[in-house]
**Q** 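Please find one structure pasted underneath; my questions will follow.
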Amino acid sequence: MSGRELKIIWAGVFLLCVCAWANAMDSVAVSGFWTRYSKTPRYVAVDSISLQRRATEEAKRVRFIYNVDFATYFDNREYKAPYQIPQTLLNFRLSPEIGVRINDRAGGVHEMVAGVRYTQPLGGNWRDIQIAPTAYYHFQYRGFDVGMGAIPYENRIAPLPDWVMYDSLVYMHPNIQGALMSYRDKRGYVEFLCDWRSSQTVERREMFRLVLDGRYQYKWLMTGGLFSLNHKAGFAAPNHEAVMDDINLNAFVGVNLSSYTPLDSLSLQVGYIFEWERDRATDESLFPQGMLVELYARWWFLGLKNTFYYGDNLQPFRARNAYFNLGDPFYQSRLYNRTDLIVYLYRSSFVNFYFSWNMHYDTYHLQHQQQLIVRFNLDGIWHRHGELRGLFDK
């Protein structure tokens, strides 16, 4: 090989190295290197565009969020049972929230939210209002959700059943005060809450509740369960009151035939409830238990929900302390059936407006309850996640 040919080869290698180096410098331009060392205007433009893009991406990582949830309800209860009272509830609840949302580089979402839950009885005045502050931190990552603070009950994946959470408490105790954690995927979920209902003072009892529940579904078959611990302690010294515990276990199996019928929804589940109630003042323990059958069907604008319970009195210590049991007082009956006939007047991603005629039978009488409930959620306009869930999951 002649010297001239070697020079040509070396020249070609040199040109390839220059081109590769130039290409590398062009890619480094995002970090400002090429702009710093070159006076070529086109690279300055590329760097400016990349900086604007980066600023836009950083701005998307931190966003201001807001929401308004409004609910108003007419609840007429024509009860005749010895453990219920006839009454009519007509209130509205306004719940504005503001906060900030941060997307981290690993894919997690962090939210800090603050707001207020303003409940006003219609026909009342300023002395009748109830204000509950809302403030919580929420983290979400790959199906995991963690919330700490005062968190709306609506943030739960599924509402608590009537025998665990009385509808009057749903109206007047709107926030979980403590923690809400969950994991869910396409086949089911598991969820835990800690609700510190009252801190101990001379005038207030110490009370809290723990609930762990979940559901798993494979095709049309579903199963799940619920565990709850309701603990009531006494006042601070010098007052004294005995400690009481209410522990519940519920397991169920069922079928969800919504995809196999022309109905919008059709499900049936059968479960068993085992309970341990303890009064530490007398060292007395009771173990009531019973069977629970639930049916739900919906087609177009009509719905039917039927709950049948047969077994022991699930609230044997309720007469000793009204703050102890949190479930519907109807479950003091050994046989209880509730049938809800529902008419969905309007239902969308941001409004749920329905009328429900509920019939209760507790071996004493057939009793009636009429509910007209509207719920509006501003966030449902921007983020359409199906139909808005109403109060009591109707």
Side-chain angles (χ1 to χ4, degrees), residues 60-69 71 93-119 130-161 164-165 169-185 188-201 204-215 224-233 245-248 323 326 377-380 383 385 389 391 393:
K60 289 181 179 178
R61 289 179 55 198
V62 181
R63 287 185 293 173
F64 172 75
I65 58 176
Y66 59 92
N67 187 28
V68 176
D69 192 282
R93 186 170 69 211
L94 181 65
S95 308
E97 294 180 352
I98 59 172
V100 62
R101 177 180 297 151
I102 301 173
N103 299 324
D104 63 29
R105 299 184 186 276
V109 179
H110 307 257
E111 293 180 346
M112 288 291 295
V113 180
V116 67
R117 313 272 272 181
Y118 173 92
T119 303
Q130 175 180 310
I131 296 179
T134 300
Y136 61 94
Y137 164 76
H138 176 224
F139 172 70
Q140 184 177 14
Y141 178 73
R142 294 186 178 180
F144 289 94
D145 281 82
V146 177
M148 302 289 290
I151 312 162
Y153 263 98
E154 290 90 344
N155 289 17
R156 280 184 52 86
I157 297 174
L160 295 174
V164 175
M165 185 78 162
L169 296 179
V170 175
Y171 292 141
M172 306 308 295
H173 187 68
N175 287 343
I176 300 167
Q177 302 175 87
L180 177 64
M181 307 176 186
S182 66
Y183 173 78
R184 61 177 156 182
D185 59 21
Y189 70 90
V190 60
E191 191 166 28
F192 170 79
L193 74 83
C194 173
D195 187 8
W196 201 271
R197 300 190 293 125
S198 178
S199 59
Q200 190 177 58
T201 67
R204 290 195 306 267
R205 304 171 177 88
E206 177 185 285
M207 296 185 290
F208 67 86
R209 174 167 58 180
L210 308 176
V211 179
L212 175 67
D213 67 309
R215 180 185 297 266
L226 180 145
F227 165 82
S228 70
L229 165 63
N230 182 36
H231 175 82
K232 182 199 73 67
D245 300 297
D246 180 21
I247 300 174
N248 296 277
Y323 297 95
L326 304 179
N377 189 278
L378 183 64
D379 190 61
H383 305 92
H385 302 301
R389 189 173 74 194
L391 297 181
D393 200 30

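Residue numbers run from 1 in the order of the sequence given.
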**Q** Applying side chain to side chain donor-acceptor pair (under 3.5 Å), can you list everything that pairs with Gln140, at least two apart in sequence or on another chain?
**A**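 Scan of Gln140 (side chain to side chain donor-acceptor pair (under 3.5 Å), adjacent residues dropped) gives none.
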**Q** Sorted by first residue and then second, give each salt bridge (charged side-chain N to carboxylate O under 4.0 Å, His left out) pair with at least one member in residues 148-157; sequence neighbours left out.
**A**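 Only Arg93-Glu154, Arg117-Glu154, Arg156-Glu191, Arg156-Asp213 qualify under salt bridge (charged side-chain N to carboxylate O under 4.0 Å, His left out).
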**Q** Out of curiosity, Glu111 CD to Asn103 CG, how far, rounded to the nearest 0.5 Å?
**A**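 The CG atom of Asn103 is 9.0 Å from CD of Glu111, to the nearest 0.5 Å.
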**Q** List for me each residue that meets salt bridge (charged side-chain N to carboxylate O under 4.0 Å, His left out) alongside Asp69, sequence neighbours excluded, and say none if there are none.
**A**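 Partners of Asp69 under the salt bridge (charged side-chain N to carboxylate O under 4.0 Å, His left out) test: Arg375.
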**Q** Kindly write out the residues that satisfy side-chain contact (heavy atoms from CB on, under 4.5 Å) with Asp195, not counting sequence neighbours, or none if the list is empty.
**A**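 So Asp195 forms a side-chain contact (heavy atoms from CB on, under 4.5 Å) with Tyr153, His173, Ile176, Gln177, Leu193, Arg197, Arg209.
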**Q** Any chance you could lay out the side chain to side chain contact (heavy atoms under 4.5 Å, CB included) test for Asn248 and Val164, step after step, and finish with the verdict?
**A** CA-CA 9 Å; Asn248 296 277; Val164 175; 5.8 Å; no
**Q** Could you tell me which residues satisfy side-chain contact (heavy atoms from CB on, under 4.5 Å) with Leu378, sequence neighbours excluded, listed by chain and number?
**A**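 Counting only residues at least two positions away or on another chain, Leu378 forms a side-chain contact (heavy atoms from CB on, under 4.5 Å) with Tyr66, Asn67, Val68, Phe376, Ile381, Trp382.
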**Q** Can you list everything that forms a ring-ring contact (aromatic ring centres under 6.0 Å, His included) with Phe208? Sequence neighbours excluded, please.
**A**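 Testing Phe208 for ring-ring contact (aromatic ring centres under 6.0 Å, His included), a comparison that skips the adjacent residues, returns Trp196, His231.
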**Q** Tyr136 and side chain to side chain contact (heavy atoms under 4.5 Å, CB included): which partner among Leu180, Asn175, Ile151?
**A**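 Option passing the side chain to side chain contact (heavy atoms under 4.5 Å, CB included) with Tyr136: Ile151.
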**Q** With sequence neighbours excluded, what pairs up with Tyr183 under the ring-ring contact (aromatic ring centres under 6.0 Å, His included) test?
**A**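 Phe144.
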**Q** What pairs with Met172 under side-chain contact (heavy atoms from CB on, under 4.5 Å), at least two apart in sequence or on another chain?
**A**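 Partners of Met172 under the side-chain contact (heavy atoms from CB on, under 4.5 Å) test: Tyr73, Asn91, Thr119, Gln130.
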**Q** Partners of Tyr141 by side-chain contact (heavy atoms from CB on, under 4.5 Å), sequence neighbours excluded?
**A**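 Residues passing side-chain contact (heavy atoms from CB on, under 4.5 Å) with Tyr141: Phe139.
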